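Shown next, in structure tokens, is the structure this report addresses.
So that the names make sense, note that chain A is the first sequence line, chain B the second, and so on, each numbered from 1. These figures come from a predicted structure and were not determined experimentally.
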Protein chains: 2
Amino acid sequence: MKRPATSTDVARRAGVSQSTVSLVLRGKDEGRVTAETAARVRAAARDLDYEPNAVALNLKRGRADVVALVVPTITQPYFASVLVEAEKEARGAGCDVILFDSGGDDDWTHRLARMVRSTQLDGAIVWAPTDDEVAALTSIRDRLVLVEAGSDQFTRIDLQIEHGASLVAEHLAGLGHRRVGYFAVHPARETYLRRRRALADSLGEHDGVIVETCSIESALDLDAAEQAAGAMLDAIGADDSVTAVVCDDDLLAAALVTVCAERDVAVPGRVSVVGYGDLTISRLVRPQLTTVSLPPSVGRLAMSSLLDAVRGRPRTRRTPGLVSVPVTLVERASSAAPQQL
Amino acid sequence: MKRPATSTDVARRAGVSQSTVSLVLRGKDEGRVTAETAARVRAAARDLDYEPNAVALNLKRGRADVVALVVPTITQPYFASVLVEAEKEARGAGCDVILFDSGGDDDWTHRLARMVRSTQLDGAIVWAPTDDEVAALTSIRDRLVLVEAGSDQFTRIDLQIEHGASLVAEHLAGLGHRRVGYFAVHPARETYLRRRRALADSLGEHDGVIVETCSIESALDLDAAEQAAGAMLDAIGADDSVTAVVCDDDLLAAALVTVCAERDVAVPGRVSVVGYGDLTISRLVRPQLTTVSLPPSVGRLAMSSLLDAVRGRPRTRRTPGLVSVPVTLVERASSAAPQQL
DNA sequence: TTGTAAGCGTTATCAC
DNA sequence: GTGATAACGCTTACAA
């Protein structure tokens with residue numbers, strides 16, 4: 001491949017100055033360049049297969065038109081859909097998205113901060129960072145949108161997890177459950193802790209009626225989940241009063257339901273199962289999972305917030321704010337009233 | 001946020017020239033700058049929180065250190081793992097990855113070509129493009145790695161689908177199956193057509209013994225798949241001789257197995273099911289799926305090929321080549337000898 | 001109507 | 001040892 005043609009090459013070929021080329025090709029030749037000259041320039045550009053150098057352009061404008069999306073693990077299907085939504089929104093604004101997997105690399109905060117400060121990146125959406133990570137990011141806080149984390153120094157998007165938890169508590173208490181187990185993700189990111197605390201709080205509002213009485217932790221992969229699900233069933237088997245299990249993620253819930261089937265534990269007869277995520281697998285397993293649906297539209301929202309923040313004129317720029325996104329409970333076959341003992 | 005400090009700011013503060021700053025900070029001051037001066041420069045840089053402007057740097061070097069990964073749909077779990085692998089490899093070479101979803105936008109070829117030619121992107125990995133798409137990309141062919149597609153003008157990575165197909169054929173024929181159904185993805189990208197043709201060829205080698213006799217198509221989403229799976233079972237119900245179904249994707253296979261369970265069709269007793277992908281769901285459904293495993297390491301391979309191609313010195317640059325990656329058959333519980341009729 | 005020239009932030013080649 | 005100065009490719013006053 002030959003060196004790509006520059007605007008100077010085009011100018012030379014059209015027999016005009018380089019600035020005229022720029023004028024014409026950027027459409028700013030309104031009554032400044034003869035139609036004939038303009039045509040000559042355009043022809044030359046076409047002949048040389050000219051494409052403006054985007055890097056030079058960025059340098060000139062001091063803007064990269066690239067933002068980052070940082071997620072804990074892109075292999076979680078939920079994040080794939082978030083990425084798609086965010087991408088779509090960004091694309092519409094002429095902006096590209098690069099992906100960081102914060103799970104893969106513990107030094108990502110510094111890399112991100114450096115890239116933002118070196119104008120390689122206009123900004124970033126950061127999903128569920130830990131408190132430490134948030135602290136490491138303060139130097140670039142006005143080019144950041146945080147999802148499910150952060151203080152009011154940051155622009156944030158928040159899922160209404162508390163509301164989701166109250167829906168779950170209401171649902172289970174209403175069905176007549178009195179003791180629930182919790183199937184938690186380990187290691188427990190803040191997001192998961194929040195889910196769990198929120199559920200505990202919501203259960204607390206039905207005071208004395210319904211409480212979390214046992215819990216098991218598992219890594220977010222299938223093998224670990226199936227093993228932990230076995231442990232969960234052992235625990236439940238030893239305590240008849242536990243008639244429902246809330247899971248931090250649909251993958252855990254799916255594993256639990258599957259292991260139940262293998263052990264002839266009736267779902268939802270013996271135990272009701274509730275997940276988080278409304279992922280594809282929640283409809284693939286039998287019984288299909290009752291689950292808290294986390295809308296992927298958060299990706300779109302976060303991106304539009306970010307674009308506002310980094311593109312907005314200074315006077316337009318809003319103070320850091322908090323947008324709260326509702327979650328919903330999707331009731332499917334994995335939860336029902338506990339069978340009489 | 002204030003304007004970030006430039007090397008000129010640092011120079012001013014250290015009381016030296018801007019070029020000295022560059023020398024010191026890039027570590028090229030070997031016996032050229034006094035230790036004392038160097039220290040002063042470094043101190044100034046630290047004070048000002050200086051970060052070299054990456055865009056200026058790229059302009060200077062004519063390289064972006066960003067490549068794209070183009071996949072048909074990132075929401076397919078397989079591609080998420082591919083992305084992770086590719087990312088890891090790129091990161092190691094100081095390169096970032098941006099993602100294109102070719103499914104989302106039919107003009108992506110032009111966008112990609114423009115970005116490459118404008119030096120915004122050093123190159124790209126393109127997954128399973130159609131022939132038309134390949135044609136649209138020839139202008140940037142030496143900065144491309146194609147996966148599962150393309151002619152020998154391109155650097156390519158290929159899955160050994162034919163070999164996979166022969167494993168499947170061998171497996172099913174060996175178990176005693178004589179008539180198989182095909183559960184295909186619609187719309188049929190070249191990748192899928194290849195899978196299917198390859199299977200037909202492999203079955204043909206067991207001439208007259210085993211053949212594909214019926215097929216159903218479905219979009220790659222769960223609702224469509226479950227509906228199509230129903231149709232497949234109707235077809236099979238009407239023809240006892242069909243005792244196995246090969247599916248273009250584990251999602252289809254999972255849906256089929258699930259619908260079988262609902263209709264009390266025994267798997268693998270009445271019908272064996274084979275999928276493609278070895279995705280998480282293949283181990284979540286019961287029976288677990290026999291499936292052709294497509295190694296995510298292809299992502300790593302493709303990225304290292306690409307980096308070679310775009311980073312390599314001209315004299316080092318290899319001619320376009322073809323790397324072929326083996327696939328394997330993972331035998332699980334969804335396939336077995338057909339039950340005697 | 002067109003061209004000249006400054007500047008975006010770097011790196012690198014020379015003089016001093 | 002250090003500092004002008006010329007690129008890199010572009011946009012945009014401003015001059016002609």
Side-chain angles (χ1 to χ4, degrees), chain A residues 2-42 44-45 48-65 114-122, chain B residues 2-42 44-45 48-65 114-122:
Chain A
K2 314 178 298 292
R3 179 184 64 80
T6 73
S7 63
T8 310
D9 298 332
V10 176
R12 197 158 27 227
R13 180 170 236 269
V16 299
S17 82
Q18 185 270 329
S19 56
T20 303
V21 172
S22 174
L23 248 26
V24 171
L25 264 26
R26 300 293 292 192
K28 312 219 164 169
D29 55 338
E30 192 62 25
R32 308 188 56 184
V33 177
T34 353
E36 190 211 359
T37 312
R40 215 165 60 238
V41 168
R42 266 185 273 271
L48 295 176
D49 208 23
Y50 169 71
E51 197 67 58
N53 180 312
V55 176
L57 229 141
N58 290 345
L59 175 58
K60 184 65 186 170
R61 294 182 317 188
R63 194 217 273 178
D65 282 336
R114 188 165 34 70
M115 290 180 72
V116 168
R117 294 191 348 207
S118 71
T119 76
Q120 221 174 0
L121 241 38
D122 293 338
Chain B
K2 315 178 298 293
R3 178 183 65 80
T6 73
S7 62
T8 309
D9 298 332
V10 176
R12 195 157 29 228
R13 182 169 234 266
V16 298
S17 83
Q18 185 270 330
S19 52
T20 302
V21 172
S22 175
L23 247 26
V24 171
L25 264 28
R26 300 291 292 195
K28 313 217 164 169
D29 54 338
E30 191 61 24
R32 310 187 54 183
V33 177
T34 352
E36 190 211 357
T37 312
R40 217 166 58 239
V41 168
R42 267 185 273 271
L48 294 175
D49 209 22
Y50 169 72
E51 197 67 56
N53 180 312
V55 176
L57 230 142
N58 289 345
L59 174 59
K60 184 67 185 165
R61 296 182 316 189
R63 195 217 273 177
D65 282 335
R114 189 165 33 68
M115 290 179 72
V116 169
R117 296 193 344 211
S118 71
T119 76
Q120 218 173 3
L121 241 39
D122 293 338

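- Within the 4.0 angstrom heavy-atom criterion, only backbone atoms of the sugar-phosphate kind lie near Val16(A); the bases stay farther away.
- As judged by a 4.0 angstrom heavy-atom cut-off over every strand, Thr37(A) is placed among residues touching the sugar-phosphate backbone only.
- In 5' to 3' order, the nucleotides of DNA chain C bounding all contacts with chain B (an atom under 4.0 Å from a heavy atom) are dG9(C) to dC14(C).
- A search for salt bridge (charged side-chain N to carboxylate O under 4.0 Å, His left out) contacts involving Arg61(B) returns Asp65(B), not counting sequence neighbours.
- In plain terms, the two heavy atoms of Leu121(B) and Ala64(B) that are nearest each other are N-CB, 4.3 Å.
- A distance-only check finds no donor-acceptor pair linking the side chain of Thr34(A) to the backbone of Glu36(A) [under 3.5 Å].
- The shortest non-hydrogen separation linking Asp29(B) to Arg42(B) is OD2-NH2, 4.1 Å.
- Taking 4.5 Å as the limit, every side-chain heavy atom of Leu57(B) sits out of range of all side-chain heavy atoms of Asn53(B).
- In summary, the side chains of Gln18(B) and Thr8(B) do not present any donor paired with an acceptor at a separation below 3.5 Å, with no hydrogens or angles considered.
- Here the closest heavy-atom approach between residue Pro52(A) and residue Ser118(B) is recorded as O-CB, 3.0 Å.
- The minimum heavy-atom distance between Ala45(A) and Leu25(A), with the atom names listed, is CB-CD2, 4.1 Å.
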Exercise. Could you encode protein contacts along nucleotides 7-12 of chain D as a string, one character per nucleotide from 5' to 3', using B for base contact, S for sugar-phosphate-only contact and - for no contact, with a heavy-atom cut-off of under 4.0 Å?
Key: BBBBBB
